[in-house]
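Take a look at the structure below.
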Amino acid sequence: MNRFEDRNVLLTGAGSGIGRATVVRLLSEGATVFAVDRDAAGLAETCGLAGDTGRFVAHVADLAEEEAVVSAAAAAVAALGRVDVLVNVAGVLRVTPMDSLRLDDYREIFAINVFAPVLLCREVLPHVPDRTGVVVNVTSTAATKAHPWMTGYAASKGALLSFSISLAAELSERRIRVVPVSPGGIATPLTANKETYAGIDTSWYARTYPLWGRPGRPENVAGTIAFAASADGAYLNGVEIRVDGGSHS
Ligand SMILES: NC(=O)c1ccc[n+]([C@@H]2O[C@H](COP(=O)([O-])OP(=O)(O)OC[C@H]3O[C@@H](n4cnc5c(N)ncnc54)[C@H](O)[C@@H]3O)[C@@H](O)[C@H]2O)c1
């Protein structure tokens with residue numbers, strides 16, 4: 001399949017997990033990808049995995065900073081000229097009991113999980129073509145299903161989901177689609193990092209894998225993002241796609 005030939009993609013969170021798998025998938029389908037992450041080594045690893053396509057541009061930026069988001073968007077537009085697809089994947093998870101969560105924790109989580117994609121939309125949408133442009137925002141099942149000890153994370157993903165649904169309506173005039181994609185448990189460094197779970201019993205989380213009895217793989221989400229962003233998803237707009245092996249039911 002070459003669904004992304006002549007399609008320019010700006011993707012964040014490209015240095016690991018779901019973002020990396022999505023870069024590899026989109027490149028394999030002909031896309032040119034401007035890949036952003038704060039982790040330079042992770043980006044280099046993604047580049048190595050993607051092979052020598054000549055269609056990969058790496059950009060290192062900490063998207064928690066507004067100036068860095070604005071610069072990344074400008075660099076993407078300078079490199080690509082036109083951004084056909086914007087995929088916001090970068091995100092952070094904090095697992096903390098609510099009563100020990102500091103306001104700064106919330107600010108940190110919201111800076112990357114909400115404000116970065118919002119700002120990137122603002123900066124990039126003027127360069128997204130009417131009728132064929134697509135925005136995919138990676139949210140989470142935490143947006144709509146209880147995730148104890150992840151209240152800040154859940155609130156941020158809920159905000160991104162709501163933002164995406166309303167943005168879809170706002171952009172309908174330009175016929176630009178917005179699709180929120182919500183993974184359930186996926187095996188990536190985000191969920192494997194035991195420090196994230198310090199002192200918290202997260203055994204409940206393991207019960208959220210009804211389909212396979214184990215988390216999904218980044219490639220499972222990458223395939224869904226590719227579908228949503230391609231012409232195959234042409235009538236998908238403002239609707240959340242859950243990639244969770246049935247954990248929501
Ligand atoms: N893994 C899961 O189970 C799961 C479930 C639901 C939603 N998600 C969402 O999927 C997305 C990807 O998660 P993942 O599991 O691949 O995690 P990951 O940790 O493997 O990858 C996240 C990437 O985002 C980058 N990033 C984080 N903060 C950044 C910043 N300030 N500036 C630039 N880059 C930054 C990291 O460097 C990393 O490369 C996240 O938004 C996450 O919330 C993941």
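Worth knowing before you read on, the calculation uses all heavy atoms, side chains too, and leaves out hydrogens, waters and symmetry mates. All ligand and atom numbering here is 1-based and tracks the order in the structure.
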Legend entry - Heavy atom of P215, distance to ligand 1 below 4.0 Å: no

Legend entry - Spacing of L167 atom CG and R122 atom CZ [to the nearest 0.5 Å]: 13.5 Å

Inset, instruction - Identify the heavy atoms of F110 and A159 that sit nearest to each other, and give their distance. - result: CE2-CB, 4.2 Å

Inset, instruction - Look at atom 20 (O) of ligand 1 and say which protein heavy atom is nearest, naming residue and atom and giving the distance to 0.1 Å. - result: S16 OG, 2.6 Å

Inset, instruction - Closest by any non-hydrogen atom to atom 13 (O) of ligand 1: pick that one out of T22, D244, L190, D37. - result: L190

Legend entry - Minimal non-hydrogen separation, P210 against G245, with atom names: CG-O, 3.4 Å

Inset, instruction - Report the nearest protein non-hydrogen atom to atom 15 (O) of ligand 1: residue, atom name, distance rounded to 0.1 Å. - result: T188 OG1, 2.5 Å

Legend entry - Numbered atoms and elements of ligand 1 in range of Y153, under 4.0 angstrom, heavy atoms: 6 (C), 7 (C), 8 (N), 9 (C), 42 (C), 43 (O)

Legend entry - Of V135, V128, V87, V124, the residue whose pairing with L10 passes side chain to side chain contact (heavy atoms under 4.5 Å, CB included): V124

Inset, instruction - For ligand 1, find out whether one of its N or O atoms is nearer than 3.5 Å to an N or O atom of P183. - result: no

Legend entry - Nearest-0.5 Å distance that lies between atom CD in E219 and atom CD1 in I186: 9.5 Å

Legend entry - Numbering as shown, the atoms of ligand 1 that approach G17 to under 4.0 Å (heavy-atom distance): 16 (O), 20 (O)

Legend entry - Per atom 30 (C) of ligand 1, closest listed option by heavy atom (T141, I112, L93): I112

Legend entry - For atom 5 (C) of ligand 1, the protein heavy atom that lies nearest, with its residue and separation: G184 O, 3.0 Å

Legend entry - Within-shell test, V36 vs ligand 1, heavy atom, strictly < 4.0 Å: no

Legend entry - Those atoms of ligand 1 less than 4.0 Å from some heavy atom in V92: 27 (C), 28 (N)

Inset, instruction - Out of I186, T12, N113, D39, indicate the one that has the non-hydrogen atom closest to atom 2 (C) of ligand 1. - result: I186

Inset, instruction - Starting at CG of N88, measure out to CD1 of I225 and round the result to the nearest 0.5 Å. - result: 10.5 Å

Inset, instruction - Any atoms of ligand 1 less than 4.0 Å from a non-hydrogen atom of V138? List them with their elements. - result: 9 (C), 10 (O), 11 (C)

Legend entry - Within-cut-off N or O pair, S140 and ligand 1, under 3.5 Å: no

Legend entry - Closest non-hydrogen atom pair between R20 and G15, with its separation: NH2-O, 2.9 Å

Legend entry - F115 CZ to R107 CZ distance, which is reported to the nearest 0.5 Å: 9.5 Å

Legend entry - For atom 31 (N) of ligand 1, the protein heavy atom that lies nearest, with its residue and separation: D62 OD1, 2.8 Å

Legend entry - Residue and atom name of the nearest protein heavy atom (relative to atom 22 (C) of ligand 1), distance in Å to one decimal: G91 O, 3.9 Å

Legend entry - Spatial distance of atom OG (S247) from atom OH (Y209) [nearest 0.5 Å]: 9.0 Å

Inset, instruction - State whether the side chain of R242 and the backbone N or O of G184 hold a donor-acceptor pair below 3.5 Å, judged by distance alone. - result: no

Legend entry - Side chain R94, main chain E108, donor-acceptor under 3.5 Å: no

Inset, instruction - Determine the minimum heavy-atom distance between N237 and V178, stating which atoms define it. - result: OD1-N, 2.9 Å

Inset, instruction - For K157, take its heavy atoms, then give the atoms of ligand 1 lying under 4.0 Å from any of them. - result: 40 (C), 41 (O), 42 (C), 43 (O)

Inset, instruction - With H59 as reference, evaluate D37, V36, T12, L43 under the side chain to side chain contact (heavy atoms under 4.5 Å, CB included) test and give the passing residue. - result: V36

Inset, instruction - Number the atoms of ligand 1 from 1 as they appear, then name those within less than 4.0 Å of a heavy atom of T191, with their elements. - result: 1 (N), 2 (C), 3 (O)

Inset, instruction - Output the list of atoms in ligand 1 that are nearer than 4.0 Å to some heavy atom of I18, sorted by atom number. - result: 10 (O), 16 (O), 44 (C)

Inset, instruction - Apply side-chain hydrogen bond (donor to acceptor under 3.5 Å, both in side chains) to N137 and S164, showing your working. - result: CA-CA 7 Å; N137 289 329; S164 305; 3.0 Å; yes

Legend entry - OH-CG distance between Y153 and L190, expressed to the nearest 0.5 angstrom: 6.0 Å

Inset, instruction - For A187 and ligand 1, answer yes if some heavy atom of the residue is under 4.0 Å from a ligand atom, otherwise no. - result: no

Inset, instruction - Note the single closest protein heavy atom to atom 32 (N) of ligand 1, along with its residue, its atom name and the distance in Å. - result: L63 N, 2.8 Å

Inset, instruction - Enumerate the atoms of ligand 1 whose separation from the nearest heavy atom of G185 is less than 4.0 angstrom. - result: 3 (O)

Legend entry - Nearest-neighbour protein heavy atom for atom 40 (C) of ligand 1, which is reported as residue plus atom name and distance: V89 O, 3.1 Å

Legend entry - Proximal candidate to atom 28 (N) of ligand 1 [heavy atom criterion; set H59, R20, R38, E45]: R38

Legend entry - Which segment of A14 sits under 4.0 Å of ligand 1 when only heavy atoms are counted: neither

